[in-house]
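Below: the structure, in structure tokens.
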Amino acid sequence: MEVKTKDLWVFVETNLDGSAKNVGIELLTPGRLMADKQGGDLVAVVLGKDVSAAVKEINEHGADQIIVAEGPEYENYTTDAYTTALVELIEKYAPTSVLIGATPNGRDLGPRVSCRLRTGLTADCTELDVDEETGNVLWTRPAIGGNLMAQIQCPEHRPQMGTVRPGVFRKSDPVEGHATIIREDVHVAAEDIRTKVIEVIDQIGDETIDLEGAEIIVAGGRGVGSPEGFQIIRDLADALGATVGCTRSLVDAGWLPHAHQIGQTGKTVGPRLYIACGISGAIQHAAGIAGAETVVAINNDPNAPIFGVADYGIVGDLFEVIPELIRQLKGEAKKTKLPPAWADHTPTAYHIEMIPPKHTTADLQKDLDLFCEKFTRFTGDGFITSITDNAMSKLCFHGSEILRECGLDAPEDQVLLHLNTFHRKEELDRILEDAKSAGIRNFLVISGDGSDKMHKLQPEELGRTDVPVITSVELLEYIHEKYPEFILGAAFNPYEMPELEFPKLERKLAAGASYIITQPIVGQDDQIDRLLAEHPGLPVIVEIWMSKKLYLLADVFERDIPEDYPYDPMETLALVQKTYPTCGINFSLLPYKTQYPHIAETYGTHS
């Protein structure tokens, strides 16, 4: 077709209410620059039944002319009506270039029009420019499955046509418009329209999906783990009033419909705020969010490519970060953690581990009497009793049960109960209520060792749909939320790989732990040094193995220890106290008859 002008046209699609779709207004931004380079006007073209709202908005975004064709046949999009009308207008005015939004309708309309005009069309463009020497539009679009970007020109035919993805360009700021409005009397006979629109459905199920027009988008990737795990993305979107998006991998897996997909093979978006959760940030996805004003990334991999395009990044587990974001958004920040009573004098906080009688005991009553004697003496000497939970289902009683069984009162802040995840919900609640009734408020919360005989807390028991299993972190969160008056501690394993153990520590502290008790150490330890350096104000209790049978700790140390290995607990105690003078001590497997008298004389309140 021979061109008559150097004008550049933007086809502006409209909504059912006659307002302009975002992509049409967005295309006026590059259209302005391109029209200036081509030496022509920027012309917007609008078809519809009543498009006054669209005309007003177009006039505020820099168009020189607005061509309007109204009629009942344009109320809903049909291929025949819109193609016929737009071809007639293009043939009349003969512009040099035409931009169309790559919406479902635009992707249908563009090829029809270009075919009738016998010109080329570059589909799904993500960048636009003009070669000022030739006047050719430089159309850039993804190719080879999005693995490279191709630049295409159409030098032999006019008009040059292309569809452009929504969200690639941003709307310009509104200004006082002075566009010339041209109303064309263009109509299409009913018999020439071969399809009839019965109903327009603008949502899937109960969910409206308008990624291109969304101001805020929360999107999830493979990092959510499962279809059930994706619920946390919806929860954050609900808290923000945002639209939900996802990566191609989730659509391919069948977790969400294609309407949610963002990226080169999905929707290109340009929201004010884009939150990428568990998304690695492959180039195809990054191209789809290039138009976002602000990108926030949440990922547990600090080297994830998404951080290269993000304005703000949070390195962490999304299942911990997002719930806290939601709490903050709802004004439900976590309750203040209570420090232990001994926090101000940690070096003189001495704990003695106590283990209730085992099922294998030959004389339960004798063992109960001995437990009562030890408890009374330990607390009377000013020590804090640290009563273990029912590890491996070998014990006759839980911590609060043994005190009730023995008829013992709990001196204030001198009883610490261990509590692990191997309980049924009703049993867990009973232990906590018993402790509350007994005036016990100190707990060491651990994941614990279990067995096939023991029930492990399940996520649904604690009302959690965002995690696959319950660990000490979720147990801490549950207790901290339900019993804010309790003082919670957590375990630290210096023999675990630090890249695993320190992130665990941060999650435990975030979940409600206000102090730490370590696994047994026998001297200076690099991980304990790091722990104290990174958390200088955190109360820390180091565990000292008081049995001479050091080989029993082979699994903890992850190395073989001969049974005859020489080990002096008292020398170790002195060394650890000298090395870590700011830490308290937890005596583990303390021999009652042989060692306790010396410990009481040296460290007890009567010493």
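Heavy-atom basis, side chains included; hydrogens, waters and symmetry copies ignored.
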Any donor and acceptor pair, going by atom type alone, linking the side chain of Thr379 with main-chain N or O of Thr376 inside 3.5 Å? yes
For Asp560, does the CG atom sit with more than 12 other heavy atoms under 6.0 Å from it, leaving out its own atoms? no
CA sep, side-chain torsions, deciding dist, call: Asp429, Lys482, salt bridge (Lys or Arg N to Asp or Glu O under 4.0 Å): CA-CA 10 Å; Asp429 289 339; Lys482 192 170 183 180; 3.4 Å; yes
Tell me if the centroids of the rings in Phe378 and Tyr596 come within less than 6.0 Å of each other. yes
Residue of the set Thr518, Ile585, Leu575, Ile528 for which side chain to side chain contact (heavy atoms under 4.5 Å, CB included) holds with Tyr580: Ile528
Could you tell me whether Glu373 and Arg377 make a salt bridge, using a distance below 4.0 angstrom between a side-chain N and a carboxylate O? no
Using the six-membered ring wherever Trp is involved, compare the ring planes of Phe587 and Tyr350 and label them parallel, tilted or perpendicular (cut-offs 30° and 60°). parallel
Going from CG on Asp526 to CG on Leu531, what distance comes out if it is rounded to the nearest 0.5 angstrom? 12.5 Å
For Arg530, does the CZ atom sit with more than 12 other heavy atoms under 6.0 Å from it, leaving out its own atoms? yes
Ion pair check, Arg327 and Glu324, cut-off under 4.0 Å: yes
For Gln231 and Asp466, test the side chains for any donor-to-acceptor distance below 3.5 angstrom and give the result as yes or no. no
Neighbour count >12 (heavy atoms, 6.0 Å) for atom CD, Glu412: no
Asp409, CG: over 12 other non-hydrogen atoms inside 6.0 angstrom: no
Can you confirm if the aromatic rings of Tyr483 and Tyr478 lie within a centre distance of less than 6.0 Å? no
Give a yes or no on this: more than 12 heavy atoms of other residues, nucleotides or ligands lie within 6.0 Å of atom NZ of Lys425. yes
Just checking Tyr565: does its OH atom have more than 12 heavy atoms from other residues, nucleotides or ligands closer to it than 6.0 angstrom? no
Indicate the ring-plane relationship of Tyr515 and Trp342, choosing parallel, tilted or perpendicular according to the 30° and 60° boundaries. perpendicular
Under 3.5 Å, is there a donor on one side chain and an acceptor on the other for Tyr551 and Asp564? no
Can you check whether Pro347 reaches Pro581 side chain to side chain, under 4.5 Å on heavy atoms? no
Flag for Ser588-Glu543: side-chain donor and acceptor within less than 3.5 Å: yes
